[in-house]
Amino acid sequence: MKLTLKVWRQQNSQEKGRFETYQVSDVSKDMSFLEVFDVLNERLINEGKDPIAFDHDCREGICGMCSMYINGRAHGPWDETTTCQLHMRAYNDGDTIVVEPWRAAAFPVIKDLTVDRTAFDRIIQAGGYISVNTGNAVDANAIPIDKHDADAAFAAAACIGCGACVAACKNSSAMLFTSAKVSQLALLPQGHPERKQRALNMVAQMDKEGFGSCTNTGACEAECPKGISLTNIARLNREVLVAGLSSE
């Protein structure tokens, strides 16, 4: 296939960006989306030009590094698929594909398609953990956990922190991410001792980072590559309400 890529180029967060157009030929339908950028970057390097900066790591849909806004959708046209798992059979010969970085004030552009998502790290540092003594691993069945709660916690823990929820939200809200990280601990007995302070601290840090408010439009769940449910946001709101009412 021959494709036209309109790619956002920006030197850093202080400078203005612009779209640049590239023609890419001999694209196989079996290639991943990132492999097309590998081919393009190799050509740019051979021409003595600056390659396109973009995030990637595992290329297996696990790490949450890849973050491209493709033709107006986070991670591209396929549902519950990361950019690295998107393959070129999703497109036809002659297509024009517009590629942008995540657009959010809390995710400043580092360069081109790479954005700074350390705001998510600081939200986790505010409370996304449990305090335990180190030592030997506890037996798997030492603490009985209801199957429904275990499944719900596992589903919430599937969040890879890619930021698609923020990019898709008209308010740039991080509620889906934060609620998933709160839920995966609040649903389990190991997370109960710190659950109240955890919810308050993580939401406070989320607001401090400059993320917008949630208005329940559902774009985050629709674009999430791991299908994280909006019910986690309802659970987070409940956790914050209970913590606020019972705090000293």
Side-chain angles (χ1 to χ4, degrees), residues 1-104 106-121 159-169 172 177 219-220 222-226:
M1 295 188 297
K2 183 177 182 180
L3 301 172
T4 300
L5 297 181
K6 292 186 176 180
V7 182
W8 185 260
R9 304 301 305 265
Q10 186 172 347
Q11 193 63 29
N12 53 54
S13 59
Q14 283 74 43
E15 294 189 14
K16 288 186 177 181
R18 77 281 179 194
F19 281 105
E20 290 190 3
T21 303
Y22 303 96
Q23 303 293 330
V24 185
S25 304
D26 298 325
V27 176
S28 168
K29 287 184 177 292
D30 295 324
M31 294 172 68
S32 73
F33 200 84
L34 295 187
E35 284 175 327
V36 174
F37 272 81
D38 291 337
V39 171
L40 175 57
N41 274 345
E42 185 174 355
R43 191 186 82 196
L44 292 175
I45 291 171
N46 289 335
E47 294 173 353
K49 298 178 181 178
D50 192 25
I52 300 166
F54 63 94
D55 268 333
H56 63 97
D57 193 359
C58 75
R59 301 204 177 195
E60 295 179 345
I62 298 171
C63 70
M65 285 295 289
C66 55
S67 51
M68 295 184 184
Y69 209 72
I70 304 167
N71 282 352
R73 289 193 64 181
H75 291 301
W78 288 353
D79 293 336
E80 297 189 11
T81 303
T82 55
T83 302
C84 61
Q85 292 180 305
L86 176 65
H87 283 72
M88 300 315 294
R89 54 183 172 269
Y91 301 96
N92 299 311
D93 184 37
D95 280 355
T96 297
I97 306 173
V98 181
V99 187
E100 305 171 69
W102 289 165
R103 304 286 191 182
F107 289 162
V109 172
I110 296 175
K111 185 178 181 182
D112 298 337
L113 303 176
T114 305
V115 298
D116 183 355
R117 286 173 289 177
T118 53
F120 273 6
D121 296 332
C159 170
I160 57 177
C162 66
C165 52
V166 176
C169 179
S172 296
F177 166 79
C220 53
E223 298 295 345
C224 176
K226 296 302 175 181

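No experiment lies behind these values; they were computed from the predicted model shown. Reckoned from all heavy atoms, side chains included, excluding hydrogens, waters and symmetry mates. FYI, the numbering just counts along the sequence from 1.
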> How far apart are the C-alpha atoms of Q11 and K111, what are their side-chain angles, what is the distance that settles it, and do they pass the side-chain contact (heavy atoms from CB on, under 4.5 Å) test?
Replying inline: CA-CA 5 Å; Q11 193 63 29; K111 185 178 181 182; 4.0 Å; yes

> Are the side chain of R117 and the backbone N or O of M65 linked by a donor-acceptor pair below 3.5 Å?
Replying inline: yes

>> Nearest 0.5 Å, please: how far is OG in S28 from CE in M1?
In response: 7.5 Å

> Residues two or more places apart in sequence or in another chain: which of them pass side-chain contact (heavy atoms from CB on, under 4.5 Å) with N46?
Replying inline: E42

> Any donor and acceptor pair, going by atom type alone, linking the side chain of K226 with main-chain N or O of G61 inside 3.5 Å?
Replying inline: yes

>> Just to verify, what does R89 make a side-chain contact (heavy atoms from CB on, under 4.5 Å) with, not counting sequence neighbours?
In response: K29, D30, W78, H87

> Roughly how far, to the nearest 0.5 Å, is the CG atom of L5 from the CD1 atom of I70?
Replying inline: 10.0 Å

>> Below 30° counts as parallel, above 60° as perpendicular, anything between as tilted: where do the rings of F33 and Y91 land?
In response: tilted

> Rounded to the nearest 0.5 Å, what separation is found between the CD atom of Q23 and the CG atom of L40?
Replying inline: 10.5 Å

>> If the test is side-chain hydrogen bond (donor to acceptor under 3.5 Å, both in side chains), which one of H75, R59, H56 qualifies with T83?
In response: H75

>> Rounded at 0.5 Å granularity, tell me how far CH2 in W102 sits from CE in M68.
In response: 9.5 Å

>> For F177 and V166: C-alpha separation, side-chain torsions, deciding distance, then whether side-chain contact (heavy atoms from CB on, under 4.5 Å) applies.
In response: CA-CA 8 Å; F177 166 79; V166 176; 5.8 Å; no

> Rounded to the nearest 0.5 Å, how far apart are CZ of F54 and CZ of F37?
Replying inline: 7.0 Å

> Would a distance-only check, ignoring hydrogens and angles, find a side-chain to backbone donor-acceptor pair under 3.5 Å from E15 to Q10?
Replying inline: no

>> Do E100 and V109 have side chains that approach each other closer than 4.5 Å (heavy atoms only, starting at C-beta)?
In response: no

> Between K6 and T21, is a side-chain contact (heavy atoms from CB on, under 4.5 Å) present by the stated rule, with each step listed?
Replying inline: CA-CA 4 Å; K6 292 186 176 180; T21 303; 3.8 Å; yes

>> When you compare the side chain of P77 with that of L86, does any pair of heavy atoms fall below 4.5 Å?
In response: yes

> Roughly how far, to the nearest 0.5 Å, is CG of N71 from CG of D95?
Replying inline: 8.0 Å

> Within the side chain of D55, is there an N or O that forms a donor-acceptor pair under 3.5 Å with the backbone of C66?
Replying inline: no

> Taking all atoms of both residues into account, what is the closest heavy-atom pair of A53 and D112, and its distance?
Replying inline: N-OD2, 3.0 Å

>> Please check this pair: side chain of T118 against backbone of D121, looking for a donor-acceptor N/O pair closer than 3.5 Å.
In response: no

> Between N41 (side chain) and I52 (backbone), is there a donor-acceptor pair under 3.5 Å?
Replying inline: yes

